Engineer: 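Attaching a single structure in structure tokens format; questions to follow.
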4 protein chains.
Amino acid sequence: MAGTEVRTAPEVAETVPQRLLAAATRLFAEHGFETTSVQQIVDAAGVTKGAMYHYFGSKDDLLHEIYARLLRVQTARMEQEAAGDSPVADRLHAVAADVVATTAANLDDTVIFFRSMHLLHPDKRAEVRAQRRRYHERVRALIEEGQAAGVFRADEPAELVVDFFFGSVHHLGTWFRRDGELTGEQIGEHFADLLLASLRP
Amino acid sequence: MAGTEVRTAPEVAETVPQRLLAAATRLFAEHGFETTSVQQIVDAAGVTKGAMYHYFGSKDDLLHEIYARLLRVQTARMEQEAAGDSPVADRLHAVAADVVATTAANLDDTVIFFRSMHLLHPDKRAEVRAQRRRYHERVRALIEEGQAAGVFRADEPAELVVDFFFGSVHHLGTWFRRDGELTGEQIGEHFADLLLASLRP
Amino acid sequence: MAGTEVRTAPEVAETVPQRLLAAATRLFAEHGFETTSVQQIVDAAGVTKGAMYHYFGSKDDLLHEIYARLLRVQTARMEQEAAGDSPVADRLHAVAADVVATTAANLDDTVIFFRSMHLLHPDKRAEVRAQRRRYHERVRALIEEGQAAGVFRADEPAELVVDFFFGSVHHLGTWFRRDGELTGEQIGEHFADLLLASLRP
Amino acid sequence: MAGTEVRTAPEVAETVPQRLLAAATRLFAEHGFETTSVQQIVDAAGVTKGAMYHYFGSKDDLLHEIYARLLRVQTARMEQEAAGDSPVADRLHAVAADVVATTAANLDDTVIFFRSMHLLHPDKRAEVRAQRRRYHERVRALIEEGQAAGVFRADEPAELVVDFFFGSVHHLGTWFRRDGELTGEQIGEHFADLLLASLRP
DNA sequence: AATGAATGAGTTTTCATTCAT
DNA sequence: TATGAATGAAAACTCATTCAT
């Protein structure tokens, strides 16, 4: 599937804030948020500190923007897949496969997400959490729809199934390699198959 | 199942290193490794910095010991469960349910584990990684055993199934609450059921 | 001889790095490198620690710069004196008298030099050593020139004579007093006389 | 000349204080006084900190004892040589050659001496200085004796000649190597020759 | 829009020394 | 005689952020 990746080649041309965001993403994923200094970010982006503070209020803002960007992309894609009028099992399969592929394609963002959420300012963190919860709820609704229709087994709480599945997805960052045996799309197929299989009545 | 928790009430009596480890675990889980100062740890443990550096070479060592402790406990329990002579499906179910319960019982350690691994000194990190890999491999062997016996479907790579399942387990830290609706044991049953269901031929 | 001193009144106006270097030189000479804290240096220079680390990478760098500065001055002067076309004995006498005077004029630097070289980072130390060796070699060449010409006795190894003489010079720091009976220039004359006398065939 | 060295093989058998002193001497010479920790010393000596503080009041005491030991040896040897009834030129030559050889034989002590004197407690430092001054004065008396007798030139202040010569000697530590071309005794001969030559009327 | 010198509060770590045993 | 756990004060260094230009 084309266009799963949020951005293209980083640190070339583009605008200053884009270069900064790209540099920050790469460095945060590689060394961690706390271990990356603002100096390192601006050096990598080829600008100075003053420039960074011109576009971003703080180092924290950079982190928040990375989160917001990822959530925007994933939410948009998911809502499109979930809203179709094919059978619910097919739609859940498509959503599941796609979130895996998108996650793999934006692995840096995901790695940062689950590693550094606790470092975000409480207000911004609450905002991000709320957005993510909406995402989860939309997927839970799909499962409940299938359970109500008798297509999925009803003896497993839908909420738990969502946590079960997204746990797997969010943990991709610890083992997925872009140069590994399977592509993100292939893993998405497998994960979606496993999910659907576990829901067979 | 009784005794899933590694230690009892923290910061009381016990030895100085134990108190330090308990305080560090709680604080790292609550505020993050980088955001917790050595001063905060020793204050919480009721000792001085000198005492800490008498027992631990560095703040990093504290982190490493938390990892080693969790891995010791989980590996020991898993190996016992996996080695039984009941049917492979039963053994996998027991292992799966138990790792979930143990993880829930030692949630702080788990949260720290996946959030802060990247901050560990490379040498120690390699050590921890190797130990964790052995753990994964043992579980994969169990799945392969079931696949060879025709009890589990063989069209899903065992390796991928392990990553799928442990992703879910390791992500417990982001949503499990001790005072939530379900206990760690109950969640363990559900997760084990889902795993086994997804492996039905 | 005028202008033997490297710098003028310390800690006034000038640039921040100059003020830092002047303060560090004085304090290192007075209390020793290890016994002088960075805080003391920046207090004496009237700046903050951050400012110091803006200009110097480390406390070590300060030490290194003191060495480099002294070597630059002495090397430049010596090469000029040695290159003249007066008789070799006259040139050696001039070089010898001058190095004594320069050393006396920059006594703090010299004291620090021989007391704290071993505390310098190995890489920087090697650099300083190499530079000093070139200095020695130039002087040895002068002696050998005189020996070849029959002006100096040839039964004493030139290398040893250099070590003999520079030992005396470098030790000025332990006994020379600016308010003593003899000026640096006067001592330089005496030392040069003694050197030349010891080389009489 | 035999017996120029103060002690024999270090760190074997001997008494605990001797082992401590030997270890401290070696470490101070190698890494510097401030850079050597008490822990390193007791480790090298194979004892514990408690033991060290049983025999020595402080780390400073160790340094002081190293100084006292060297001064005792050199003073004793020098007084013996100076007191003979051979011609004054011969006696000065013997004293000069001997102090070089002794210094070379106890190079660690000498290196420490001139590098770390300023770190000694003021009281102890004053004591050491006084003792060293007496040493210088005895040698100066020898030179004055020769000048009065017309054997040495009288146009160079005896005091300055002493500083000139001892500077060379005390700086041996920066270049003398036990495995170099010349032995300490050979260098002693050369240095004594140079000294006497420079004093020829 | 952008610079970069300067701040100041904070960090981890070291270490000589003490003292109950 | 000797141990080694524990202290407490001080050290070097870092870094997000500000601000005059």
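A note on names: the letters A, B, ... follow the listed sequences, proteins ahead of strands, and every chain is numbered from 1. In this text, all values refer to a predicted model and were calculated from it rather than measured experimentally. Values below: every heavy atom of this structure, side chains too, minus hydrogens, waters and symmetry copies.
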Engineer: Compute the ring centroids of B:Phe114 and A:Phe114, then answer whether they are less than 6.0 Å apart.
Structural biologist: no
Engineer: When the distance from CG of C:Leu119 to P of F:dA12 is rounded to whole Å, what number comes out?
Structural biologist: 12 Å
Engineer: Could you please name the option among E:dG8, F:dC13, E:dA2 that lies closest to any side-chain atom of A:Thr48?
Structural biologist: E:dA2
Engineer: Over how many whole Å does the gap from D:Gln39 atom CD to E:dT17 atom P extend?
Structural biologist: 13 Å
Engineer: Could you check whether any side-chain heavy atom of C:Phe33 comes within less than 4.5 Å of a side-chain heavy atom of C:Leu120, counting everything from C-beta outward?
Structural biologist: no
Engineer: Using Watson-Crick or G-U wobble pairs with both distances under 3.5 Å, give me DNA chain E in dot-bracket, 5' to 3', with [ ] for crossers and | for pairs to another strand.
Structural biologist: .||||||||||||||||||||
Engineer: By nearest nucleotide on DNA chain E, pick out whichever of D:Tyr53 and B:Thr36 is the more 5' one.
Structural biologist: B:Thr36
Engineer: Are the side chains of C:Arg132 and C:Gln74 in contact, using a 4.5 Å heavy-atom criterion?
Structural biologist: yes
Engineer: Taking only side-chain nitrogens and oxygens of B:His54, does any of them come within less than 4.0 Å of OP1 or OP2 of F:dA5?
Structural biologist: yes
Engineer: Quick one: does C:Leu62's side chain get under 4.5 Å of C:Met52's, heavy atoms only?
Structural biologist: yes
Engineer: Starting at CZ of A:Phe56 and ending at C1' of E:dA2, how long is that distance when rounded to a whole Å?
Structural biologist: 15 Å
Engineer: F:dA6, E:dA6, E:dT12: which one has an atom nearest the side-chain heavy atoms of B:Ala51?
Structural biologist: F:dA6
Engineer: Side chain of C:Ser37 only, please: which of F:dA6, F:dA12, E:dT7 is the nearest?
Structural biologist: F:dA12
Engineer: So, is A:Tyr55 close to the E:dA2 phosphate, meaning a side-chain N or O under 4.0 Å from OP1 or OP2?
Structural biologist: yes
Engineer: Is it the case that the base of E:dT17 and the side chain of D:Lys49 share a donor-acceptor contact (distance under 3.5 Å, atom types as modelled)?
Structural biologist: yes
Engineer: To the nearest 0.5 Å, how far apart are CZ in D:Arg125 and NE2 in D:His64?
Structural biologist: 12.0 Å
Engineer: Ion pair present between A:Arg72 and A:Glu65, side-chain N to carboxylate O less than 4.0 angstrom?
Structural biologist: yes
Engineer: Does C:Pro17 or D:Gly57 map to a spot on DNA chain E nearer the 5' end, using the closest nucleotide for each?
Structural biologist: C:Pro17
